[in-house]
Amino acid sequence: MSATSVNQYPYPAVNFWQSTNGKKIVMAVTGAIMFLFIIGHLLGNLLVFAGPAKINAYAQFLHFDDGLLWIIRSVLILAVVLHITATVQLALRNKRARPIGYSRKEAINSSYASRTMYWSGPIVLVFIIFHLLQFTAGAIHPEASFIPGNVYHNLVSGFQVWWVSVWYIFAIVLLGLHLRHGLWSMLQSVGLSHSLRRERVLKRAALLIAIVIVLGYISIPISIMLGFVK
């Protein structure tokens, strides 16, 4: 594909999407949207430690305006779709640019998180769908009971099933790996990495944020399995 063929469309938005930099920017923006949701969702879930009244009241507050709630959901769904689409298209574009694989593949200047980025994302997506069907819709609630509107009961009942908790923890760890690399890539895309020293600081910051998020999320099923939250 020639450089001119990328800009063959008369619409700037299409040209932006077709360009490699455009896809990277879309990935960064949609990643930031999903990151903010992850933080907000974590803070809400941690209310389970404050007891059933607190977290159930929080869940009820989220439904104070169903129209606004569906707008937020639509933005999140669009962000997820665009993020996945841009990621897959960039991966295919990189593969076409190097059709002949390396005879010896070495992990030079790459982390485990970056090398697992493409397969950890789909697994996390499957987990999110399962998680929503279990704890939001109540359509899938294996070996547990589901009471609409009673978030505390649903969380405790669901995570008392050991394999559900193990699956949750596994997916959250993958999410942490994805976040670690995603945060670093986003900071790099916006031009915050100007020197080697700053690059190291940003990488450590991305790692620390990912660890805190992972520990926050997995503390819930672990506490329920250990009987600290009943």
Side-chain angles (χ1 to χ4, degrees), residues 30-31 33-88 116 118-179 182 213-230:
T30 54
I33 293 173
M34 291 186 290
F35 175 72
L36 291 176
F37 170 76
I38 289 171
I39 295 296
H41 190 60
L42 172 60
L43 295 177
N45 284 357
L46 289 176
L47 288 175
V48 71
F49 294 108
K54 291 289 186 180
I55 192 169
N56 288 341
Y58 166 74
Q60 187 175 6
F61 167 75
L62 292 179
H63 290 81
F64 77 98
D65 189 332
D66 287 337
L68 178 61
L69 182 61
W70 275 108
I71 291 176
I72 296 174
R73 286 172 174 171
S74 299
V75 171
L76 285 171
I77 292 173
L78 179 62
V80 170
V81 171
L82 289 176
H83 193 82
I84 293 174
T85 302
T87 302
V88 172
T116 60
Y118 294 119
W119 61 263
S120 65
I123 294 177
V124 172
L125 177 62
V126 172
F127 157 73
I128 292 173
I129 295 173
F130 178 86
H131 187 67
L132 289 174
L133 290 174
Q134 180 179 14
F135 290 108
T136 301
I140 300 176
H141 217 68
E143 303 178 40
S145 59
F146 182 84
I147 302 176
N150 194 334
V151 177
Y152 185 89
H153 166 83
N154 296 335
L155 281 176
V156 174
S157 177
F159 284 135
Q160 283 177 339
V161 181
W162 71 268
W163 64 265
V164 172
S165 289
V166 170
W167 163 236
Y168 181 90
I169 293 170
F170 170 71
I172 292 298
V173 170
L174 288 184
L175 175 64
L177 291 173
H178 205 81
L179 278 175
I213 291 175
V214 168
L215 292 178
Y217 272 107
I218 69 174
S219 68
I220 298 172
I222 290 176
S223 298
I224 290 174
M225 285 193 296
L226 294 178
F228 299 139
V229 177
K230 300 180 180 180

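Bear in mind the structure is a predicted one, so any value in this text is a computation, not a measurement.
No donor-acceptor distance shorter than 3.5 angstrom exists from the side chain of S223 to the backbone of F228, with no hydrogens or angles considered. When atom types are taken as modelled, the side chain of H83 and the backbone of T30 share no donor-acceptor pair closer than 3.5 angstrom. S157 places no side-chain N or O within 3.5 Å of a backbone atom of A144 that could act as its donor or acceptor partner. In terms of modelled atom types and a separation under 3.5 Å, the side chain of N154 and the main chain of F135 share no donor-acceptor contact.
Atom-to-atom distance recorded for K54:NZ and L47:CG is 8.0 Å, nearest 0.5 angstrom. Taking CG of L82 as the start and OG1 of T87 as the end, the distance is 10.5 Å to the nearest 0.5 Å. Here CG of L125 is found 12.5 Å from CG of L174. Values are rounded to the nearest 0.5 Å. In this structure, the separation between CD1 on I218 and CD1 on I169 is 6.0 Å, given to the nearest 0.5 Å. The CD1 atom of I129 sits 10.0 Å away from atom CD1 of I140, with the distance rounded to the nearest 0.5 Å. One distance of note links CD1 of I33 with CD1 of I72; it measures 12.0 Å at 0.5 Å rounding.
The six-membered or imidazole ring of Y58 lies away from that of F61, with a centre-to-centre distance of 6.0 Å or more.
Using a 4.5 Å cut-off on side-chain heavy atoms (C-beta onward), V214 and L175 make no contact. A 4.5 Å side-chain heavy-atom check between I38 and Y217 finds at least one atom pair inside the cut-off. Q160 is listed as a side-chain neighbour of I224, based on a closest heavy-atom distance under 4.5 Å.
Looking at every heavy atom in both residues, I55 comes nearest to V48 through CD1-N, 3.7 Å. Across every non-hydrogen atom of H153 and S145, the tightest pair is NE2-OG, 2.7 Å. Considering every non-hydrogen atom in both N56 and V151, the closest pair reads OD1-N, 2.9 Å. Here the closest heavy-atom approach between residue F130 and residue P142 is recorded as CZ-CG, 4.4 Å. Residues L46 and G216 approach most closely at CD2-O, 3.6 Å, considering heavy atoms.
Ring geometry, H141 versus F146: the interplanar angle exceeds 60°, so the pair is classed perpendicular (tilted spans 30 to 60°). Using a 30° and 60° split on the angle between ring planes, F127 and Y168 fall in the perpendicular class, above 60°.
Side-chain contact, T136 with H131: no donor N or O sits under 3.5 Å from an acceptor N or O.
Shown here is W70, whose CH2 atom has no more than 12 heavy atoms of other residues, nucleotides or ligands within 6.0 Å.
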task: Might you work through the side chain to side chain contact (heavy atoms under 4.5 Å, CB included) test for V229 and I220, ending with a clear yes or no?
output: CA-CA 8 Å; V229 177; I220 298 172; over 6 Å; no
- request: Could you check V80 against M34 for side chain to side chain contact (heavy atoms under 4.5 Å, CB included), going step by step and ending with a plain yes or no?
  value: CA-CA 8 Å; V80 170; M34 291 186 290; 3.5 Å; yes
- prompt: Going through the distances and angles, do I39 and I213 end up as a side chain to side chain contact (heavy atoms under 4.5 Å, CB included)?
  reply: CA-CA 8 Å; I39 295 296; I213 291 175; 3.7 Å; yes
task: I would like to know whether V164 and Q134 meet side chain to side chain contact (heavy atoms under 4.5 Å, CB included); could you show each step before the answer?
output: CA-CA 10 Å; V164 172; Q134 180 179 14; 3.6 Å; yes
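Partners of F37 under the ring pair (Phe, Tyr, Trp, His ring centres under 6.0 Å) rule, at least two apart in sequence or in another chain, are H41.
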